[in-house]
Amino acid sequence: MRYIRYAFLAALGIVLISISLANREAVELKLMPDEIGDLLGFNFSTSLPLFIVVLGGVVAGLIIGFLWEWLREHKHRRDASTKTGEVRKLEREVKKLKKKQNEGQDEVLALLDEAS
């Protein structure tokens, strides 16, 4: 399985390098359209290679997706944490009740009662 993962990563690296080499031309990125920039009096722009723009967009999309999913699952993690706390509390209570029930009994009989 490790070799399959290495082969996949190598193929992915080759594809990304070939895409990067094929798209080295500079493109101009602007913060806003020209009309709105002229109206506001400023318009930030920069020039970057096209492959950086494309790969940066993919990375930004992945980060936004992971963050969105993490926030969406927050209620499920909170519920699981609450249920875990309840289970621990009930286990302690069961242990205390078994101990109280087996007071005064022979130790072997108490162990047999706990097993069942």
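The structure presented is a predicted model; accordingly, all values stated were derived computationally and were not measured.
- With rounding to the nearest 0.5 Å, the separation of NZ in Lys98 from NZ in Lys95 is 10.0 Å.
- With rounding to the nearest 0.5 Å, the separation of CD in Glu93 from NZ in Lys100 is 10.5 Å.
- Trp68 is not connected to Trp70 by any chain of hydrophobic side-chain contacts under 4.5 Å among Ile, Leu, Val, Met, Phe, Trp and Tyr, and they are in different clusters.
- Ile17 is not connected to Val15 by any chain of hydrophobic side-chain contacts under 4.5 Å among Ile, Leu, Val, Met, Phe, Trp and Tyr, and they are in different clusters.
- The structure places OG1 of Thr84 at 10.5 Å from CG of Asp79, a figure rounded to the nearest 0.5 Å.
- One N or O on the side chain of Arg24 and one on the backbone of Leu21 form a donor-acceptor pair closer than 3.5 Å.
- Ile52 and Ile19 end up in different hydrophobic clusters when Ile, Leu, Val, Met, Phe, Trp and Tyr side chains are linked at under 4.5 Å.
- Here Glu69 pairs with Arg72 in a salt bridge; the nearest charged N to carboxylate O distance falls below 4.0 Å.
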request  = Start with the C-alpha distance between Val87 and Glu91, add both sets of side-chain angles, then the distance that settles side chain to side chain contact (heavy atoms under 4.5 Å, CB included), and finish with yes or no.
outcome  = CA-CA 6 Å; Val87 166; Glu91 284 175 347; 3.7 Å; yes
request  = Determine, step by step, whether Met32 and Phe42 satisfy the side chain to side chain contact (heavy atoms under 4.5 Å, CB included) criterion, reporting the C-alpha distance in whole Å, the side-chain angles of both residues, the deciding distance to 0.1 Å, and the verdict.
outcome  = CA-CA 9 Å; Met32 294 177 267; Phe42 72 93; 3.7 Å; yes
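- Atom CG of Leu97 is separated from atom CG of Leu90 by 10.5 Å, given to the nearest 0.5 angstrom.
- Atoms OG1 and CZ, from Thr82 and Arg78 in turn, are 7.0 Å apart once rounded to the nearest 0.5 Å.
- In this structure, Leu71 CG and Leu67 CG are separated by 4.5 Å, a value rounded to the nearest 0.5 Å.
- When all heavy atoms are compared, the tightest approach of Ser20 to Leu55 is OG-CD1, 4.0 Å.
- No donor-acceptor distance shorter than 3.5 angstrom exists from the side chain of Asn23 to the backbone of Leu50, with no hydrogens or angles considered.
- Closest approach of Ser45 and Lys30 over heavy atoms only: CB-CG, 3.8 Å.
- Between the side chain of Ser81 and the backbone N or O of Arg77, no donor-acceptor pair lies under 3.5 Å.
- In the hydrophobic clustering of this structure, Phe51 groups with Leu12; members are Ile, Leu, Val, Met, Phe, Trp, Tyr whose side-chain heavy atoms approach within less than 4.5 Å, directly or through other members.
- Linking ILVMFWY side-chain heavy atoms closer than 4.5 Å, directly or via other members, places Val54 and Leu48 in a single hydrophobic cluster.
- Here the closest non-hydrogen pair linking Leu31 and Asn43 is N-OD1, 3.6 Å.
- Using bins of under 30°, 30° to 60° and over 60° for the plane-to-plane angle, the ring pair Tyr6/Tyr3 lands in the perpendicular bin.
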